[in-house]
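Counting starts at 1 for both ligands and their atoms, following the listed order.
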Amino acid sequence: MLTIYSADHKLQDGKFELIDGQLMPPFERPQRAENVLARVREVGLGEVRGPDDFGLDPVRRVHDADFVAFLRTAHDEWRAAHGATDALPLNWPCRGFRQTIPESIDGRLGYYSFDAGTPITAGTWRAITSSANVALTGAKQLKDGGDRAVFSLCRPPGHHAARDLYAGYCFFNNVAVAAQWLRDRGAARVAILDVDYHHGNGTQMIFYDRADVLFVSLHGHPAQEYPFFLGYEDETGEGDGEGFNVNVPMRWGTAWDTYSRALDDGIARIAGYGPEVLLVSLGVDTFKNDPISKFRLESGDYTEIGRRVAALDLPTLFVMEGGYAIDEIGINTVNLLAGFEAA
Ligand code: SP5
Ligand code: ZN
């Protein structure tokens, strides 16, 4: 299986995220992608290639132009106001507030985000444009190269980012950008399977009113888990999209027995939809030793997830999302990909 990777991801190297009441070094750090890449090479998964530059048009198909423009200059504006530290928001337009876009950088950070765990740094812009290109290059290879599957080793991740919101370590929604690109190049129906531990709220929000992109997410129950305010089972889509959004929230402590049944149900929904192509939001923060998550999957379970996804027999783009158990992130991610390859 071909892997798409760019070293530009290292430019996203925040100093702090706000978590558990403390400013801590971010769990989402460069070593994550480096460990995945090392494991890809160690097992000989296949060739590793750099991304092509697709420009910003494919990004603007799923993100608002003002949001993209904000991200481009956010750190420069922050630096002018506060000095060369990471930019973090501190307040948000919640219930009862108006949604007017403020002028100041502090106000706009809050307007365009929904958490304080996602630092904008001097290198963020280059890292996120490159990460989107990594996803798009994978999509192009799937379409034009005729590969059975491609692995886009994206970093920063993307699935929490909505049309005009960043958070959850995500800025551009890489999987959504790639899905829309495939739609724009003729794929009539596209399915997205999100196996990251956290609900893919951004992907859901982007495609919620559409029947041409099916979104299926297996994740920690929002009553207990980030992002808290979306991801319930009764969110099934709206308008034309009614019936094309599938959430399977599961409680803390979920292990393979429960997880595998949910996975089989999700895969059956995708098979019934009859997509031309499948994209997998591949997070491995469902792992038992993940430092910020509470599922209990074992390393061998990822091999089996890959096998079951392969049974759909669809051209498949794997897009890297979360996973914070640094020592096992490579093993778990590549187990899933190798399980797919072997099936
Ligand atoms: C892409 C992705 O996986 N983003 C996840 C962002 C999660 N950010 C909030 C984490 C809150 C974790 N709270 C529990 C900490 C345990 N000490
Ligand atoms: Zn996650």
Engineer: Rounded to 10 degrees, what angle sits at the Zn ion (ligand 2) between D196 OD1 and D285 OD2?
Structural biologist: 110°
Engineer: Quick one, Y232 with H221, criterion ring pair (Phe, Tyr, Trp, His ring centres under 6.0 Å). Give me CA distance, side-chain angles, the key distance, then yes/no.
Structural biologist: CA-CA 7 Å; Y232 288 80; H221 199 293; 5.3 Å; yes
Engineer: Between F172 and H63, how do the two ring planes meet: parallel, tilted or perpendicular, split at 30° and 60°?
Structural biologist: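 Taking H63 first and then F172, their aromatic rings sit tilted (interplane angle of 30° to 60°).
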Engineer: Between F207 and L278, is there shared hydrophobic-cluster membership here, with clusters defined by ILVMFWY side-chain heavy atoms closer than 4.5 Å?
Structural biologist: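 Cluster IDs for F207 and L278 differ.
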Engineer: Tell me whether H159 has at least one N, O or S atom under 2.8 Å from the Zn ion (ligand 2).
Structural biologist: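 Under 2.8 Å: H159 has no N, O or S contact with the Zn ion (ligand 2).
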Engineer: For ligand 1, run through the N/O pairs with the protein that fall under 3.5 Å and put one pair on each line.
Structural biologist:
| unit_1 | atom_1 | unit_2 | atom_2 | d |
| --- | --- | --- | --- | --- |
| ligand 1 | 3 (O) | H198 | ND1 | 3.2 |
| ligand 1 | 3 (O) | D285 | OD2 | 3.0 |
| ligand 1 | 3 (O) | Y324 | OH | 2.6 |
| ligand 1 | 4 (N) | H160 | NE2 | 3.3 |
| ligand 1 | 4 (N) | G168 | O | 3.0 |
| ligand 1 | 4 (N) | Y324 | OH | 3.3 |
| ligand 1 | 17 (N) | D20 | OD2 | 2.6 |

Engineer: Would you call K294 and E225 a salt bridge, using N to O less than 4.0 angstrom?
Structural biologist: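 Looking at E225 together with K294, the answer is no, because their closest N to O distance does not fall below 4.0 Å.
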Engineer: Specify whether H198 and Y226 have parallel, tilted or perpendicular ring planes, treating 30° as the upper limit for parallel and 60° as the lower limit for perpendicular.
Structural biologist: perpendicular
Engineer: Quick one: do D184 and R61 make a salt bridge, cutoff under 4.0 Å?
Structural biologist: yes
Engineer: Among the N/O/S atoms of H198, select the one at the shortest distance from the Zn ion (ligand 2) and name it.
Structural biologist: ND1
Engineer: Could you go through the ring pair (Phe, Tyr, Trp, His ring centres under 6.0 Å) check for Y259 and Y197 one step at a time?
Structural biologist: CA-CA 11 Å; Y259 191 88; Y197 173 75; 9.7 Å; no
